[in-house]
Amino acid sequence: MLEKNYNPKDFEEKIYSDWEQSGDFIPDMSKNSEAYSVVIPPPNVTGVLHMGHALDDTLQDILIRYNRMLGKKVLWQPGTDHAGIATQMVVERNLAKEGISRHDLGRDKFIETVWKWREQSGGTICKQLRRLGASCDWSRERFTMDEGLSRAVRKIFVSLYKDGLIYKAKKLVNWDSKFMTAVSDLEVVQKETLGKMYYYKYPIEGSTNEFVHIATTRPETMFGDTAVAISKDNEKLKHLIGKNAVLPIINRPIPIIADDHADPEKGTGAVKITPAHDFNDFEVGKRHNLPLINILNEDATLNENTPFAGVDTQTARKMTIAKLEELGLMEKIEDHPMVIPYGDRSGVVIEPLMTDQWFVDAPVLAKEAIRVVEDGEMEFVPKSYEKTYFEWMRNIQPWCISRQLWWGHQMPIWYGPDGKIFCEENETEAQAEADKHYGQKVELTRETDVLDTWFSSGLWAFSTLGWPDNTEHLQTFYPTSVLVTGFDIIFFWVARMMMMSMYMMKKVPFRKAYIHGLVRDEKGQKMSKSKGNTVDPMETIEKYGADALRFFMAAMETQGRDVNMSEARIAGYRNFATKLWNAARFGEMNNCTLHPEFNPQDIKLSVNKWIMAKADIATKEVTDNLNSYRFSDAANAVYQFIWGTFCDWYIELIKPVLYGADEEAKAETRATFAWVLDRILVILHPFMPFITTELWNNTAKRDIKLIHFAWPQVKEVDIQVMSDIDWAIDLISVIRSLRAEMNLPAGARLNVFLKDVNLQSQQNLKEFKTIVCSLARLDNLDILQGEITSDMVQSVFRETSVLLPLKGVVDFAAERERLNKELESLNKNLEGYARKLDNPSFVERAPQAVVEEEKRRQAEALENKSKVESALARIANL
RNA sequence: GGGUGUGUAGCUCAGUGGUAUGAGCACUACGUUGACAUCGUAGGGGUCGCUGGUUCGAUCCCAGCCACACCCACCA
């Protein structure tokens, strides 16, 4: 017995544990069928589920469940990411509350603490994914810092190094002074800021009244200046080229050089060159062999190469200006809108800094990653993201992968006594290599840097399947079928996976990349903790059930668009679940059970044939749309079928049968109801796995679980049956509409007559008279014998006039108004038809079918017009 | 500066070279008819951003413009 009310809390968690405990998410490797696999974008191990995950993982689960029902061997590979900087930050913050810094603990102790932290809070997000209904194979859960995955990291690192695709270099990198580490270009966010432009001048060496005028936004970097550049085409200033300027305060002479980097139109036309602290200046320095003077410490304070050692940049800036003022060299300070780089995690200003770092030769790896997309071996959905991908890949810069952090994969690099690099998968091998090289036992020191988090994420598609071992899962499930992720990590992750996979596996990591948008708040604003507009998916699930949230995500997911949260809409989908629940209860109350010998071929009643055909059409729509990743269309098709067709019409249409006396018809209808409800549960299951399973389990004894039930294959649909029932439905709607517009009391029983009824309609009338009378609340419905009388209101329906005699009841003014409105609408349509059909080029050039259809419409409208006009004439004086 | 996307009903958005049978929510009127008030029935509401072009026909294709959003680059 189903509960009176739909209450998802009663069964969602129970059903999930049953699936998990029964191993329903684990692929049957012995099954001889097509493989389908998805790797989950690994959430941060310390993270909690947010709406972005809810969207991403709902879409994946829909695909996974759908393909599982298609009978494929399905794996959804779960796991979490160690998220280097993010996790280290969280743990350090916790330690800070106790007044401890990571340096107090030391590296080993600190890492131990992180692992402990992971034990405690690492499970949260996976529990939450279960609550959402995600059917991952949890027995295979992986973590990027697992031994297996770490081995994959070391192996690929060594391989890349030996192929010359990983190298160490002293370069200008983005330096995060909070975490005191290098970060990659992607981890830098540019923010619009209103800053200042400082104008001042450097004296020319050997002259007392000659100066070169400089404009800069960072005056404190002057201590690292090693030249001033002027364009050779700068007529006003080119006379200075070749002379020396003298850096004030420290009185160091620097050359004035000719370089086109100095745009005569911008600033003062002369540019101070600080090769160690500016990416452009670095290039200029390279061209002119300028010395590099580093003026910053790792914490972004100035160093002993400046007069302000130990002072932070902001303060040093003020001090520098003060000094310049004192020397009479400051000229002006202007407001200057500019873009300043910040660390995406730390939020501090990123300083370009010269350091030894490790790089992946991304431009080389990008080649194959570009080719396979060009060749269609990997396709983006929607396709337009290819452009973004190509644009970035074709302009890719070397990828800085070393981080001066503690939490992460320590690089498999050892240094010999003379600094020679030994890159091997483990210390023993490195030691052996070194001993061989030096001809004696030597002491090695290990590189302390760890790898960028995205390095290990880049291997995710194959490392989680067991690589470097050639496991059964790797053989079966690689390449994976589709990757589902947000556009915001195309560069961070998708691109890196493509490069790493093509390098190591020589095969794409996934055949398709389905890219979705962001989940925003109700007003389309980006959700963020600081704005306080975040919505917690767990609270939403608590309130409306996981099915409602999932259906919302699916229904809102249209390719390429962001999803705006809408609580009202989620409530609407909860109502949808309630509707289905009640429909199932209706079936239960009326003993609608599926007979084992039920054969769709034997169905006699039109209404039953009709609903089965409709079910097939809906099934086909859901199938086609899922196959092309059109989630909202798929969701809407099943929604419309269940609510708009099954509940609104079918259930109403069969009530007279179920409450009637024809036992044979009753039995057939009960069985059909059960058959269609089953079909509904099947095609809705990927979207709403919980309620469908609950109903599946409670409406019949089942041999097979819904999660494994075969997805239906649809055959041809009987069009005639469809249009017969549609005739009845349309007629009912016309009569209802007439009643409402005439303001007739809902309780009033009426007689309705039809005039101009063709043969097909006469048959329909015979068959559906009872149903139409019942649903349109009529006493009788007949073909009109004799003339239309003046008390009849008239509506036109296809070729037929619908006549409602209303002696004494009707408001004729309202009726005239209604008819005039209809006349107006008909005239408007007729104008449209005439415009086309009177146009010779339309008749000549438009497709024949379109012209015919237009003529048919015109004829019908003309006929209806004359009917409406005569109706109007009849009641003109009443 | 380079690029991408979006502008359709009050709101949030689908959709389409042939009268916009648009959806959900909101709104109005009526309603408790033996699944469901987390409901039902009926209804109001749109110059499909603007201007040109292609076409027999454009909301849809093309160009330009306006507005908004996002991505990439850029600390003189």
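Just so we're clear, the structure is a prediction, and the values are computed from it rather than from any experiment. Just so it is clear: chains get the letters A, B, ... in the order the sequence lines come, proteins before strands, and each one is counted from 1.
- Looking at A/D176, its side chain never comes within 3.5 Å of a backbone N or O of A/I350 through a donor-acceptor pair.
- If you measure from atom CG of A/L580 to atom P of B/C39, you get 14 Å, rounded to the nearest angstrom.
- Comparing B/A76 with B/C70, their P atoms are spaced 23 Å from each other, to the whole Å.
- For A/K383, the salt bridge (charged side-chain N to carboxylate O under 4.0 Å, His left out) partners are A/E379, A/E386, not counting sequence neighbours.
- Shown here are the ring pair (Phe, Tyr, Trp, His ring centres under 6.0 Å) partners of A/F380, two or more places apart in sequence or in another chain: A/Y389.
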**Prompt:** Going 5' to 3' along nucleotides 14-27 of chain B, which nucleotides have protein heavy atoms under 4.0 Å from the base (write B), which only from the sugar-phosphate (write S), and which from neither (write -)?
**Reply:** SS--BB---SBS--
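- For the pair A/V622/A/F687, a side-chain contact is recorded, criterion being any heavy-atom separation below 4.5 Å from C-beta on.
- Look at CG on A/L738: it is 11 Å from P on B/G43, rounded to the nearest Å.
- When rounded to the nearest whole Å, the span between OH of A/Y6 and P of B/C39 equals 13 Å.
- As judged by a 4.0 angstrom heavy-atom cut-off over every strand, A/E265 is placed among residues making no nucleic acid contact.
- When the P atom is used for both B/G53 and B/A14, the distance is 30 Å, rounded to whole Å.
- Between the C1' atoms of B/U54 and B/A73, the separation comes to 37 Å (whole Å).
- Residue A/R777 places its side chain closer to B/U33 than to any other of B/G40, B/U33, B/C70.
- Less than 6.0 angstrom separates the ring centroid of A/Y573 from the ring centroid of A/Y639.
- When rounded to the nearest whole Å, the span between CD1 of A/I691 and P of B/C36 equals 16 Å.
- With the 3.5 Å cutoff on both pairing distances, Watson-Crick and G-U pairs in RNA chain B assemble into runs of at least 3 at B:1-7 with B:66-72, B:10-13 with B:22-25, B:27-31 with B:39-43, B:49-53 with B:61-65.
- Across the P atoms, B/G49 and B/G31 are found 40 Å apart, a figure rounded to whole Å.
- Note on A/Y385: nothing from the nucleic acid sits closer than 4.0 angstrom, heavy atoms only.
- Place A/A740 and A/T578 on RNA chain B by their nearest nucleotides, and A/T578 ends up nearer the 5' end.
- A salt bridge links A/E542 with A/K9: the distance from a Lys NZ or Arg NE/NH1/NH2 to an Asp or Glu carboxylate oxygen falls below 4.0 Å.
- Under the 4.5 Å side-chain criterion, counting only non-hydrogen atoms from C-beta, A/W649 is not in contact with A/I725.
- When the C1' atom of B/A42 is taken as reference, atom CZ of A/R739 falls 11 Å away, rounded to whole Å.
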**Prompt:** Which letter, B, S or -, goes with each nucleotide of nucleotides 71-76 of chain B from 5' to 3', with contact meaning a protein heavy atom under 4.0 Å?
**Reply:** S--BBB
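- B/C11 and B/A26: their P atoms are spaced 15 Å apart (whole Å).
- Spacing of C1' atoms, B/G3 relative to B/U21, comes out at 40 Å, to the nearest Å.
- The separation between A/D521 atom CG and B/C13 atom P is 10 Å, rounded to whole Å.
- Ring pair A/W392/A/F491 is parallel by interplanar angle, where below 30° counts as parallel and above 60° as perpendicular.
- Rounded to an integer number of Å, the gap from A/N582 CG to B/C39 P is 10 Å.
- For A/N839, the side-chain hydrogen bond (donor to acceptor under 3.5 Å, both in side chains) criterion is met by A/S841, not counting sequence neighbours.
- Side-chain N/O atoms of A/S737 include one lying less than 4.0 angstrom from OP1 or OP2 on B/G43.
- B/U4 atom P lies 15 Å from atom CD1 of A/I490, rounded to whole Å.
- Side chains of A/T274 and A/T226 form no contact here, defined as non-hydrogen atoms less than 4.5 Å apart.
- Residues A/E621 and A/D633 are not in side-chain contact: their nearest non-hydrogen atoms beyond the backbone lie 4.5 Å or more apart.
- Comparing A/R736 and A/Y659 by the nucleotide of RNA chain B whose heavy atom lies nearest to each, the residue mapping closer to the 5' end is A/Y659.
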